[in-house]
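Structure, as structure tokens:
Here is the naming used below: chain letters follow the sequence lines, and residue numbers restart at 1 for every chain.
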Protein chains: 2
Amino acid sequence: MEPTDRKRPTIYDVAREAGVATSTVSRALTNPGRVNARTRDRVVEVAQQLGYRTNPLAQALPSGRTRTVALLVSDVTNPHFFGIIRGAEQQTRAAGCTLILADTEESPDLEAAHIERLSGSVDGFVIAASRMSDQQIGELTDRHRLTLISRQVTGVPSAIVDHEDGTRQIIEHLASLGHRSVVYAAGPRRSWLAAKRWHAIRAVTRKLGLSATRLGPFPPAVRGGAAAADAALGQGATAVIAHNDLLAIGMLRRFTDREVHVPRDISVVGYDDIFGADFCSPPLTTLAGQFDEAGRLAIDLLLGTRDGTRPPQADNQVVLPSHLVVRGSTGRAPS
Amino acid sequence: MEPTDRKRPTIYDVAREAGVATSTVSRALTNPGRVNARTRDRVVEVAQQLGYRTNPLAQALPSGRTRTVALLVSDVTNPHFFGIIRGAEQQTRAAGCTLILADTEESPDLEAAHIERLSGSVDGFVIAASRMSDQQIGELTDRHRLTLISRQVTGVPSAIVDHEDGTRQIIEHLASLGHRSVVYAAGPRRSWLAAKRWHAIRAVTRKLGLSATRLGPFPPAVRGGAAAADAALGQGATAVIAHNDLLAIGMLRRFTDREVHVPRDISVVGYDDIFGADFCSPPLTTLAGQFDEAGRLAIDLLLGTRDGTRPPQADNQVVLPSHLVVRGSTGRAPS
DNA sequence: CTGAAAGCGCTAACAT
DNA sequence: ATGTTAGCGCTTTCAG
């Protein structure tokens with residue numbers, strides 16, 4: 001009976017106890033099949049009874065594989081990212097890896113800084129709603145493994161929720177209620193999504209013979225809603241599409257304050273179907289998508305662990321379906 | 001001009017280029033002051049121009065310091081943790097460290113599993129709203145560095161928001177509105193907070209001559225609200241204190257469905273002042289606390305980086321102030 | 001199939 | 001103040 005060592009046992013301890021070389025222990029533990037079944041069993045058993053735990057750092061140093069991935073989000077307190085975070089966390093864990101979460105505070109520089117800092121400690125990056133330019137992202141790709149969420153860049157794997165078809169659903173819904181024009185309360189200037197959404201709105205409205213106006217940009221947060229609401233009112237809008245639910249909720253509040261009745265006087269639509277969209281007043285009509293699935297997919301794409309059940313998309317740019325959830329914030333256009 | 005090496009430069013490259021030993025480079029970079037100012041400058045400059053980045057893994061292996069901490073939360077999608085997560089993330093970054101986020105899904109076993117898995121890759125753990133028993137936590141403390149949020153265990157550093165004084169504020173508010181009895185819609189059985197809150201409610205109601213009833217436990221989520229609301233109604237309650245805002249919001253919705261008018265027929269109070277508490281219908285009266293500060297403090301306590309401006313508390317058990325935010329969900333007791 | 005030995009990039013005594 | 005020299009715990013050729 002040896003004295004109970006305070007430190008964790010290493011492969012040396014296991015090797016000695018099992019009467020084999022450390023290399024055999026290493027193989028038995030990480031590469032079974034390349035070692036005799038009997039020896040492997042012995043090693044595993046000894047490791048087990050010694051309470052051996054592999055040291056992830058020591059493992060990562062020679063191999064270069066850290067079994068860790070980083071998820072960068074532009075704002076951890078934005079409920080929009082919940083689904084993404086949870087999905088990514090689950091899938092990372094399922095792959096036996098660890099997730100590092102970093103908040104980039106809507107700043108492309110902070111994004112780059114985080115990547116710089118973490119490179120070397122992680123196997124790859126998932127960037128949600130990146131604020132970097134296509135070029136910056138392109139340069140990063142040949143230096144690091146990375147996948148994108150809610151952003152598409154040629155040659156970079158990504159998972160997004162279908163904004164084009166979704167926008168069509170929104171516009172058709174408004175048109176069916178008799179609205180002849182829509183106003184878009186835009187998100188940040190650097191936001192790829194904001195540009196895409198506006199683009200889609202223009203395309204669909206044109207096709208259906210509606211008119212579209214863009215206002216903003218506004219901060220994609222509840223506090224951005226007041227200015228957006230006022231601007232929309234100033235335009236005499238009958239229907240406004242907010243860049244996201246946060247902004248939409250902020251607008252709802254402002255309308256209430258100004259005694260503008262939604263949806264009697266004006267209809268409001270958001271994007272994302274975040275936590276709260278169903279219990280704000282009135283409940284928000286919004287475009288829902290499976291963001292948790294996007295989080296999972298992004299990890300799969302990064303780790304190369306996608307199961308075969310899904311057909312591989314061209315260029316690994318996955319587009320997830322979206323659907324409009326109609327609630328109380330949209331109604332017939334005022335006559 | 002050397003060929004542009006594809007791999008990152010190491011201290012060996014820097015040492016060679018600067019004409020010093022690797023140990024000097026190491027010191028110059030991590031322990032300036034223990035090296036001649038001139039040599040240090042040279043080393044730093046060479047490192048800079050070579051684009052040298054220290055490899056965190058290699059640094060962690062011999063030193064044992066990973067400069068990484070893990071934050072365990074019971075549910076990443078619960079807005080209650082936003083502030084905590086953001087605060088912890090900020091403070092971790094400020095200390096030059098990295099934060100790992102793990103979701104424990106309300107399970108004490110998953111908590112333990114995460115700790116087991118991450119031990120060795122992190123310098124310590126911050127556990128928010130731990131579901132583990134005092135004993136389990138106690139055992140962990142002599143194996144790992146750890147601090148607690150929203151939980152107190154003797155001998156373990158922690159940061160909590162004052163629930164006792166907060167509960168007093170809640171009860172006095174209700175009493176001032178003429179309520180003579182309160183119902184507590186309890187959280188999970190394993191929740192330390194749920195026990196504490198009920199304890200505080202009993203103490204304060206007794207002192208003020210009100211009566212108190214406990215219902216539940218209910219899942220601390222919006223979906224738990226229906227059952228809680230029905231139970232409260234069954235008790236003929238005039239005022240109900242929900243375990244947290246999620247549950248309170250769920251109750252609000254159920255009351256609306258059942259055409260029970262809040263606050264005319266029944267008053268509702270929550271805890272935490274989460275995202276959404278101000279725009280649900282009616283807006284929720286709730287106990288607010290600085291959870292981002294709790295997150296920051298927990299990291300400080302863990303890393304030993306607390307600035308001296310705050311007086312050290314006994315046993316490092318910090319209690320943050322709380323205050324009641326009165327909104328539309330509370331009103332005079334029905335007569 | 002297994003063992004010996006050389007690192008991975010950095011730190012930390014111990015010398016000088 | 002700086003250089004020398006062992007490691008940290010694990011992986012991975014390369015032999016056998």
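When each of D/dT12, D/dT2, C/dA12 is scored by its nearest atom to the side-chain atoms of B/Thr24, the top-ranked nucleotide is D/dT2. Comparing atom distances between the B/Val20 side chain and each of D/dG3, D/dT2, C/dG7 picks out D/dG3 as nearest. Residue A/Thr10 has its side chain nearest to D/dG9 when only D/dG9, C/dC10, D/dT11 are considered. Side chain of A/Ile11, nearest nucleotide from C/dT2, D/dC10, C/dC10: D/dC10. Distances were taken from every side-chain heavy atom of B/Ser26 (C-beta onward) to each of D/dG9, D/dT11, C/dT11; the shortest belongs to C/dT11. Comparing C/dG9, C/dT11, C/dA4 against the side chain of B/Asn55 picks out C/dG9 as the nearest. Minimum atom distance to the side chain of B/Ser23 is reached by C/dA12, of the listed C/dA12, D/dC10, D/dT2.
Between the side chain of B/Arg27 and the base of D/dG3 there is at least one donor-acceptor pair of N/O atoms closer than 3.5 Å. Residue-to-nucleotide contacts include no donor-acceptor pair under 3.5 Å from the side chain of B/Tyr12 to the base of C/dC8. Side-chain atoms of B/Arg8 and base atoms of C/dG9 include no donor and acceptor less than 3.5 Å apart.
Taking atom CG of residue A/Asn31 and atom P of nucleotide D/dT13, one finds them 11 Å apart after rounding to whole Å.
Within the structure, a side-chain polar atom (N or O) of B/Tyr52 is placed less than 4.0 Å from OP1 or OP2 of C/dC10.
Taking 4.5 Å as the limit, every side-chain heavy atom of B/Ser150 sits out of range of all side-chain heavy atoms of B/Val161. Annotation: side chain of A/Asn55 is not in contact with side chain of A/Thr10 (no heavy-atom distance under 4.5 Å).
With the nearest nucleotide of DNA chain C identified for both B/Arg34 and A/Thr22, A/Thr22 has the one nearer the 5' end.
Between A/Arg42 and A/Glu45 there is no salt bridge, since no side-chain nitrogen of the basic residue lies less than 4.0 Å from a carboxylate oxygen of the acidic one.
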Given A/Arg8 and B/Ser119, is the side-chain hydrogen bond (donor to acceptor under 3.5 Å, both in side chains) satisfied, shown in steps?
-> CA-CA 11 Å; A/Arg8 317 165 32 136; B/Ser119 92; 3.0 Å; yes
